[in-house]
Amino acid sequence: MPDTMKNRTPASKRLLIAGLILTIIFQFTILAAEYLSSVWPLWFGKPIALKTAPVDPRSLFRGNYVLLNYDVSTVSKLMGDYSFKRGEVAYVSLTKNDTYFVATSLHRNQPKSGTFIRGRISSNTGGSYRVKYGIEAFFMPKAKALKAQKDIGKGATAVIYLLDNGKAAIAELH
Amino acid sequence: MRLFRLFKKDMAREVEEWISAGIIDITQGEAILARYGTQLTDARGSSLGYYVLTALAALFVGLALILILSHNWDQIPRAVRMLGLCCLTLSVNFQGLRLIYDSRNGAGVLWLFFGSICYGTTIMLIGQIYHIGEHFPDGIFFWSLGILPLIFLTRSRLLALLCLALATVWMIVEAQSDFFPSSYPLFAISAIWLAWTRKDSALLFISALFGMVFWINILIAWSAGDFYHFKAVIDQFPASIGCGLLLTGFSWRLMHSSHIHLQNYGQLLHLWILRASLILLLVLSFDSLWHEFIRDKYTLGLFSPLFILVSCAAGCFLALPYGVNTYGPILSNGLFYFCAFFWITYGSADKETLSIATNLMLVFTGIWLIRRGIDDAVTHFFYTGVGLLLMTAMFRYFDLIGDYIGGAVLFIIAAAIMFVAARYWRFHIEKKEQGDA
């Protein structure tokens, strides 16, 4: 029992209540920031299509999802203008090739023009980089996730929304 | 310091029986129990059981909520799901706030605890709805961060434990994702602050301290990987040993504190460090681990043995006022590990010599524990000492050092040390008896 809260004066009790209200506001500010950063690309971003292949794991807190491996998740080191280390932020320039967007170059700084996506280097072994864009998970009910993995097999299209600063959000998978 | 001081309820029940039997009166009973920070009413049960079970029930409901969310009800519109959970979080937290306003603090904290779980669930729901796959440990971090102010406002152990547990999970998954959990000390220090000021949560205190030692290990691995990835290095061993020596000195300071609850913290801390140090000695008694230590590359160089030496000096300084039995083990262990790691870093160390030295350390430690167990009537020291010597014998019988003859020589040396110790002991007892006569 929190005995230390007992015997408070009215003034300190008011302070405690104000503190608790501020904490609740703080929690909801975090939730609002998370929500807005998630929906912002969907509201104001430009849609592009990327080729992907899904597999089905389970997240500890969020349930089942299909893990998406995009064609642009692997970028040749020859496309880079810098020798990236693991964990560093990178910008991948994209060009539309028939249906899908494909990677054309890899930059350390945000490109001034063109379509590009912001990611982070997850590994740099061999002749290519693995890049994560924060759009690698698509959450769905377990049965649907398993069915999606079976139906889609090795090829699927993900509709991604991109903001001007390269931040991406996934909207659809088919 | 005796281990039984940690069993307060048992002690209170025992004293109550003495009072019933007329051996002592109530005033004496209360006076005896006050020495250990407890009272007669503790023997008759308290509201703690109700509080713990209700908190566990809230935790179970929270886990159920997370699993219900994990089912992913995609047929329900996003806005409905999100607003539903936001409203639940808000109403549960405000119920907690209302109860605290009405001075029903215990119930209020329980509602805030459930509200904190609802808040974390909402973070996860947003992540699920909008398919946020980017760096999922951030979700756990913001969950823990959102609860952190409640530690200072409510000073509740329950909320602090939830916050520390989440921060520790975050530290592990953040490191697994190849990012350094730089903010962990903020959570650990907040938990230590609460445990220190409230003086009644040894679990929180010990967990936060061990969490910090784990974080230091992660920091060393991060620095070894040039601060952009983790590289497990051998320097983590000397660093952890140094922390252990320092904490041992600190535990003696706590055990001699004027505050009964701080004495309990010190007692528990000392007990866990003793266990960890014995396990480490047993593991190091095999030459294969020393072989790894010798073969591996040291990132911090001379810093590692020097850290042991400095920590040993600091630990001894803290324990110095309380006699040789307190600083003696810190000094002997500190010097042993300093010499071993200095030799490894700057000489052509031999794994068998180091292994033999570790086995002799085990024998000396066993004898010291038995002696303290009998001389100072500390029962758990006595049995730990006996158990340690028997385990050393068993390990060395199955895992020979230097073939049969080498193993036999080691057993003979150990037996000789024990025989000399026994004779020395008897000599002292006889001398004392003569003095008494």
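Letters A, B, ... are given to chains in the order of the sequence lines, protein chains preceding strands, and every chain is numbered from 1.
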Output yes when a side-chain donor or acceptor of [X] lies under 3.5 Å from a complementary backbone atom of [Y], and no otherwise.
X	Y	value
B/Thr121	B/Ile117	yes
B/Tyr101	A/Arg14	no
A/Ser122	A/Arg130	yes

Give the interface residues of residues 40-49 of chain A toward chain B, defined by a heavy-atom separation under 4.5 Å. A/Leu42
What are the residues of residues 85-94 of chain A, in order of number, with any heavy atom under 4.5 angstrom from a heavy atom of chain B?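 If one takes a 4.5 Å heavy-atom cut-off, the residues of residues 85-94 of chain A near chain B are A/Lys85, A/Arg86.
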What part of A/Leu20 gets within 4.5 angstrom of chain B, counting heavy atoms only: side chain, backbone, both, or neither?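 When you check distances to chain B, atoms from both the backbone and side chain of A/Leu20 fall under 4.5 Å.
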Contact origin within A/Leu31 toward chain B - heavy atom pairs under 4.5 Å: both
Kindly indicate whether the side chain of A/Ile170, heavy atoms from C-beta on, has any atom under 4.5 Å from the side chain of A/Phe138. yes
NZ/NE/NH1/NH2 to OD/OE distance under 4.0 Å, B/Arg104 and B/Asp102: no
Checking A/Asn109 now: which residues fulfil side-chain contact (heavy atoms from CB on, under 4.5 Å) with it, not counting sequence neighbours?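 Not a single residue meets the side-chain contact (heavy atoms from CB on, under 4.5 Å) criterion with A/Asn109.
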Measure up the B/Trp222 and B/Phe180 rings against each other and bin them: parallel (under 30°), tilted (30 to 60°), perpendicular (over 60°). parallel
So which pairs with a foot in residues 9-38 of chain A pass ring-ring contact (aromatic ring centres under 6.0 Å, His included), sequence neighbours left out? A/Tyr35-B/Tyr130
